[in-house]
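Take a look at the structure below.
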Amino acid sequence: MTSLLGRDRSDRVYRRVLTGFALILPSLILIILGVLFFNALPALERFGPSFLWTSTWDPVAEVYGAAPMIFGTLASSMLALLIAVPLALSVAIFLTEFSPRWLRQPVAFLVELLAAIPSVVYGMWGIFVLIPFLRSYVVPPLKALFGWTPFLQGVFYGNSLLAGGVILAIMVVPYIAAVSREVLLAVPASQREAALAMGATRWEAVRSAVLPYGRAGLIGAVILGLGRALGETMAVTMVIGNRHDISLSLLQPAYTMAAAIANEFSEATTATYQSALMEVGLLLFVLTVTVNAIARILIWRVARGAAVGSKAL
Amino acid sequence: MGRRADGPMGGTAREERPVSPSAHPPVLESQAYSFWYGPTQALHDVSCAIPRNAITALIGPSGCGKTTFLRSINRLHDLTPGARHEGDILLDGGSIFAPGTDVVALRRRIGMVFQRPNPFPKPVYDNVAYGPRLNGLAPAGELPDRVERALRQAALWDEVSDRLREPGTALSGGQQQRLCIARALANEPEVLLMDEPCSALDPIATQRIEELLVELKQTYTIVIVTHNMQQAARVADYTGFFYVGNLVEFGATQQVFTRPVDERTEAYITGRFG
Ligand SMILES: Nc1ncnc2c1ncn2[C@@H]1O[C@H](COP(=O)(O)OP(=O)(O)O)[C@@H](O)[C@H]1O
Ligand SMILES: [Mg+2]
């Protein structure tokens, strides 16, 4: 038996230790930011803001511009959202509004399980299944229909912006669907009933009452998916082609910031090369942290503090 | 959906009473209607005829099935898992549960105002225009007139005529409830179901809504749940008293309040319980 004093002291120690741990995590963000910034400083000083919009990436001449990676990151993520958002929203709406009760949990569970598959497995699947599938069944009809647009120029060899975007889409669907589902579940029944009592069909009630009510949270879910897509590395680098080039065509190889860092860090032998990659890392860090912060604020606002989507985050 | 001849407790002393005083032909008729939430029975053999162009008040202590009954009339229970019913409810002589009934059309004819104001987080104007747009009731050019008319009927126009672009959720509680009434009226239903529409309102807002009800009954049939007996006595032409899932008494308000047939009604209206 410890004395009362002893118990009180151990309580205090315990609390201090916990407080310490609790403070380490937030400070980690600042430490990472600091390290990235410090290491990127040489590149920041040498190339200035033009780093953002020049396209030459030449380790021999020691000239670096990140425009192709920035473009590739944004383009592949946008393409991913274009595909994933309708799919994920449909899943979420089906599960909350239309699916039979017994189907809800199993389907939600399986969709969320998709998020647990390691990135590298998606990458392999992309190489061996997705790319052949795109080559045989998707690209030919797309070219036939929209071949005249700048987005489908050139020959499709496989590794491409298209493959990267589709892989990303599959990877972010579970996140967007899970958070959207929770947002929709948090829409009060009274909103649905208000619409139904006015003579709305189930679908009209969803479209005109449920979705508008949850709009901020749904946008949050989409932006959260964007955050995931921007930072995703392994699967993308395996299928996107890894070429420092800006092409509007989805069929051409591209590059993303995350993929470039992963691929080139081991080869970065000069200080400037390393520093340039650090600057890319800094950009990616700021971009994803900002995007995620916006997403969480939006999701959180829907339930006014009830942290809708916390389970999925 | 079988008919039940005799319930466990319902309908004992009620049958010999005149259920529908003849001045107003009934628009709604409940016939031995019983309702269950899963295993628990919430309504027992409710039978009554609700007259057209009149105000019918449903009174009774909390948890006695008033809301359950109201939500049966526009089939809002269709969405309640585990809900089932026996008996029937007729609208203009036709069963609302008949196979092939267009529930959407039914709900258009039977509007509802809920206990807690539930405006959409859209502009005031769009709240009121919701039904007409949804049901294609008005050409776009006539929509503003229709919105204004509904807002005037709900005695809200003067307060919001310069705030039509503000979200309905930004109004005060009483205004929100009148907005919900306006939203229901803009749909031009035949019957208006109101579930304790004044429970969240201050006396002035309550009085405005009561005046409004009396005006509205020229055109609408109103069924209002209230646990404010003075309110029932003031506005209702007919009153029904619910007690533990039974419609214990139903008749002209005057009669129910001055010469109640059932002693439980008398106990309730004289304030001995509830
Ligand atoms: N969704 C529901 N599921 C189960 N029981 C319910 C539900 N809604 C109401 N009840 C029960 O049904 C009874 C009648 O409730 P209600 O119709 O809301 O009464 P009132 O409106 O007269 O206060 C109550 O005992 C209540 O607990
Ligand atoms: Mg109630």
Side-chain angles (χ1 to χ4, degrees), chain A residues 92-108 180-221 297-306 308, chain B residues 67 70-71 73-82 102-123 126-137 150 167-169 176-177 179-195:
Chain A
I93 291 172
F94 171 75
L95 286 179
T96 51
E97 310 285 337
F98 297 104
S99 118
R101 227 145 252 281
W102 59 269
L103 201 62
R104 289 180 186 190
Q105 276 310 315
V107 173
S180 305
R181 192 175 76 98
E182 287 196 42
V183 167
L184 295 182
L185 285 176
V187 174
S190 66
Q191 290 284 317
R192 249 174 228 106
E193 288 176 350
L196 292 174
M198 297 290 293
T201 61
R202 293 291 292 280
W203 167 241
E204 284 165 342
V206 168
R207 198 174 45 80
S208 64
V210 177
L211 293 183
Y213 191 95
R215 195 179 57 203
L218 295 175
I219 295 174
I297 290 169
L298 286 172
I299 294 165
W300 174 75
R301 267 208 346 219
V302 174
R304 287 198 192 78
V308 179
Chain B
T67 297
L70 214 58
R71 291 165 66 95
I73 298 174
N74 66 350
R75 286 190 59 175
L76 223 44
H77 286 311
D78 285 13
L79 300 178
T80 312
D102 182 351
V103 185
V104 166
L106 175 81
R107 297 202 185 114
R108 234 231 72 206
R109 293 175 62 188
I110 305 180
M112 187 163 203
V113 175
F114 296 79
Q115 182 165 358
R116 297 186 49 169
N118 57 354
F120 298 125
K122 310 171 189 267
D126 293 336
N127 264 281
V128 182
Y130 180 84
R133 280 179 180 148
L134 184 72
N135 298 305
L137 298 182
T169 40
Q176 286 190 17
Q177 192 60 299
L179 178 61
C180 291
I181 295 175
R183 182 176 64 187
L185 294 179
N187 222 10
E188 296 191 347
E190 295 160 42
V191 179
L192 191 58
L193 308 174
M194 306 178 96
D195 193 354

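A donor-acceptor distance shorter than 3.5 angstrom exists from the side chain of B/R108 to the backbone of B/E188, with no hydrogens or angles considered. At least one donor-acceptor pair closer than 3.5 Å links the side chain of A/R104 to the backbone N or O of A/L95. B/R107 contributes no side-chain N or O that, together with a main-chain N or O of A/A200, makes up a donor-acceptor pair within less than 3.5 Å.
Among B/N135, B/L193, B/N74, B/D78, the residue making the largest number of heavy-atom pairs under 4.5 Å with chain A is B/N135.
At a 4.5 Å heavy-atom cutoff, B/L106 makes no contact with chain A through either its backbone or its side chain. Contacts of A/A195 with chain B are made by both backbone and side-chain atoms, with heavy-atom separations under 4.5 Å. Only the side chain of A/R101 comes within contact range of chain B, with heavy atoms under 4.5 Å apart.
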With side chain to side chain contact (heavy atoms under 4.5 Å, CB included) as the test, would you mind laying out the steps for B/M112 and B/L70 before giving the verdict?
CA-CA 9 Å; B/M112 187 163 203; B/L70 214 58; 4.2 Å; yes

Stepwise side chain to side chain contact (heavy atoms under 4.5 Å, CB included) check, A/L184 with A/L218
CA-CA 8 Å; A/L184 295 182; A/L218 295 175; 4.3 Å; yes

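Heavy-atom neighbours of chain A within the stretch residues 114-123 of chain B, taken at a separation under 4.5 angstrom, comprise B/F114, B/N118, B/P119, B/F120, B/P121, B/K122.
Residues satisfying the salt bridge (charged side-chain N to carboxylate O under 4.0 Å, His left out) test with B/D126, not counting sequence neighbours, are B/R133. Every residue meeting the side-chain contact (heavy atoms from CB on, under 4.5 Å) condition with A/A221, not counting sequence neighbours, appears here in chain and number order: A/I176, A/V179, A/S180.
For the side-chain hydrogen bond (donor to acceptor under 3.5 Å, both in side chains) condition, the pairs that include at least one residue of residues 185-194 of chain A, sequence neighbours left out, are A/E97-A/R192, A/E193-B/R71.
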